Colleague: 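To start, I am sharing the structure in question, which I have written as structure tokens.
Predicted model only: the values in this text are computed from it and were never measured.
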2 protein chains.
Amino acid sequence: MKNRLKVLRAERDWSQQALADLLEVSRQSVNAIETGKYDPSLPLAFRIADLFALPIEEIFIRN
Amino acid sequence: MKNRLKVLRAERDWSQQALADLLEVSRQSVNAIETGKYDPSLPLAFRIADLFALPIEEIFIRN
DNA sequence: GCGTTATGTCAATTACGCTTTACATCAGAT
DNA sequence: ATCTGATGTAAAGCGTAATTGACATAACGC
């Protein structure tokens, strides 16, 4: 699973910490997801999709 | 997170075991997800969406 | 009755999502 | 040169996703 988090964040000029606050997770969680250390849980993926107003499929990519 | 797994499975007349085989998870996992014991991981949610050829948002519902 | 299939559930275990705390590096500003 | 913000990473711990194995029950055909 790859994801477009870093780009979406850059488009809005948000820091990892700012995004983490909006998502109510730790900065390390955002960092770990961006750097591909692990995938978010489904509920967190939904929160991310809601925040960016995009379908999950346009943020997270199979494979 | 609610989901429409049971209905989608019924529409295709698949047993929990048959679905588990297609998803390559245990029957207990399918059962646990259907009965709301827990949410699937994001990768598994994608596999489910792919299998039913539906967007994740049409299978899993917020709240 | 008996065997089979489907479903629900429990216990015990492994793997992973997410946390806090902490440390290191780099870029930019003063 | 120093301070600050941003990022990457690591360890330890907690909760949960997912596993296997097992047991119970209901529905069905034979």
Side-chain angles (χ1 to χ4, degrees):
Chain A
M1 301 250 38
K2 275 189 166 289
N3 69 74
R4 304 205 317 115
L5 258 196
K6 195 166 188 168
V7 174
L8 292 170
R9 195 167 56 73
E11 285 174 355
R12 287 154 183 81
D13 198 23
W14 288 346
S15 67
Q16 290 183 345
Q17 182 65 67
L19 176 55
D21 291 345
L22 289 168
L23 294 173
E24 296 180 306
V25 295
S26 69
R27 180 183 67 85
Q28 285 79 351
S29 288
V30 169
N31 184 66
I33 293 165
E34 278 193 8
T35 57
K37 285 193 148 189
Y38 53 71
D39 298 315
S41 68
L42 186 59
L44 179 51
F46 265 97
R47 272 186 277 152
I48 293 171
D50 288 346
L51 181 59
F52 290 109
L54 288 170
I56 287 185
E57 279 85 353
E58 286 185 26
I59 302 178
F60 299 94
I61 298 105
R62 296 157 183 75
N63 196 2
Chain B
M1 301 251 38
K2 276 189 167 290
N3 69 73
R4 301 188 42 241
L5 258 196
K6 195 165 186 168
V7 173
L8 293 169
R9 194 167 57 75
E11 285 174 356
R12 287 153 184 80
D13 198 22
W14 289 345
S15 66
Q16 291 183 345
Q17 182 65 66
L19 176 55
D21 291 344
L22 289 168
L23 294 173
E24 295 180 306
V25 295
S26 69
R27 180 183 68 85
Q28 286 83 344
S29 289
V30 169
N31 184 64
I33 293 165
E34 278 193 8
T35 58
K37 285 193 148 189
Y38 52 71
D39 298 315
S41 68
L42 186 58
L44 180 50
F46 265 97
R47 273 186 277 153
I48 293 170
D50 288 346
L51 181 60
F52 290 110
L54 288 171
I56 287 185
E57 279 86 354
E58 286 185 26
I59 302 178
F60 301 93
I61 298 105
R62 295 157 183 75
N63 195 21

Colleague: Could you tell me whether Arg4(B) and Glu58(B) make a salt bridge, using a distance below 4.0 angstrom between a side-chain N and a carboxylate O?
Modeller: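 Salt bridge flag = no for Glu58(B) with Arg4(B).
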Colleague: Ignoring the backbone of Gln28(A), work out which of dT7(C), dT21(C), dA18(D) is nearest its side chain.
Modeller: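 Shortest atom-to-atom distance from the side chain points to dT21(C).
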Colleague: Give the rounded distance in Å between these two atoms: CG of Asp21(B) and P of dT20(D).
Modeller: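 Spelled out: CG on Asp21(B) to P on dT20(D) is 11 Å.
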Colleague: Report yes if at least one side-chain N or O of Thr35(B) is closer than 4.0 Å to OP1 or OP2 of dG8(C); otherwise report no.
Modeller: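 So the side-chain polar atoms of Thr35(B) never come under 4.0 Å of the phosphate oxygens OP1 or OP2 of dG8(C).
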Colleague: Return no unless some side-chain N or O of Lys37(A) is found under 4.0 Å from OP1 or OP2 of dA10(D).
Modeller: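 Looking at the OP1 and OP2 atoms of dA10(D), one of them is under 4.0 Å from a side-chain N or O of Lys37(A).
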Colleague: Between Gln16(A) and dG8(D), is there a side-chain N or O to OP1/OP2 distance below 4.0 Å?
Modeller: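 Yes.
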Colleague: Does Asp50(A) pair with Arg62(B) as a salt bridge, N-O distance under 4.0 Å?
Modeller: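 Salt bridge: yes.
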Colleague: Give a yes/no answer on whether the side chain of Arg47(B) brings an N or O atom under 4.0 Å of OP1 or OP2 in dA18(D).
Modeller: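 No, outside the criterion.
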Colleague: Does Asn31(B) make a side-chain N or O approach to OP1 or OP2 of dT7(C) shorter than 4.0 Å?
Modeller: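 Looking at the OP1 and OP2 atoms of dT7(C), neither is under 4.0 Å from any side-chain N or O of Asn31(B).
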Colleague: I need the Leu8(B) CG to Asn3(B) CG distance, nearest 0.5 Å.
Modeller: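 Separation between the atoms: 8.5 Å.
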Colleague: Give a yes/no on whether any side-chain N or O of Lys6(B) is located under 4.0 angstrom from OP1 or OP2 of dA6(C).
Modeller: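 It does not, given that no N or O in the side chain of Lys6(B) lies less than 4.0 Å from OP1 or OP2 of dA6(C).
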Colleague: According to a strict under-4.0 Å criterion, is Ser41(B) in side-chain N/O contact with OP1 or OP2 of dA18(D)?
Modeller: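 Indeed, a polar side-chain atom of Ser41(B) lies that close.
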Colleague: Report the nucleotide, chosen from dT19(C), dA6(D), dA18(D), that has the shortest atom-to-atom distance to any side-chain atom of Leu44(B).
Modeller: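 Selected nucleotide (nearest to the side chain): dA18(D).
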Colleague: Taking everything shown except Glu24(B) itself, do over 12 heavy atoms lie less than 6.0 Å from its CD?
Modeller: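 Count not over threshold, so no.
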Colleague: Please classify the nucleic acid contact of Ser26(A) as base, sugar-phosphate, or nothing, using heavy-atom distances under 4.0 Å.
Modeller: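 Base contact - Ser26(A) has a heavy atom under 4.0 Å of at least one base atom.
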Colleague: Would you say a side-chain N or O of Arg9(A) is under 4.0 Å from OP1 or OP2 of dT7(D)?
Modeller: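 Yes, within the criterion.
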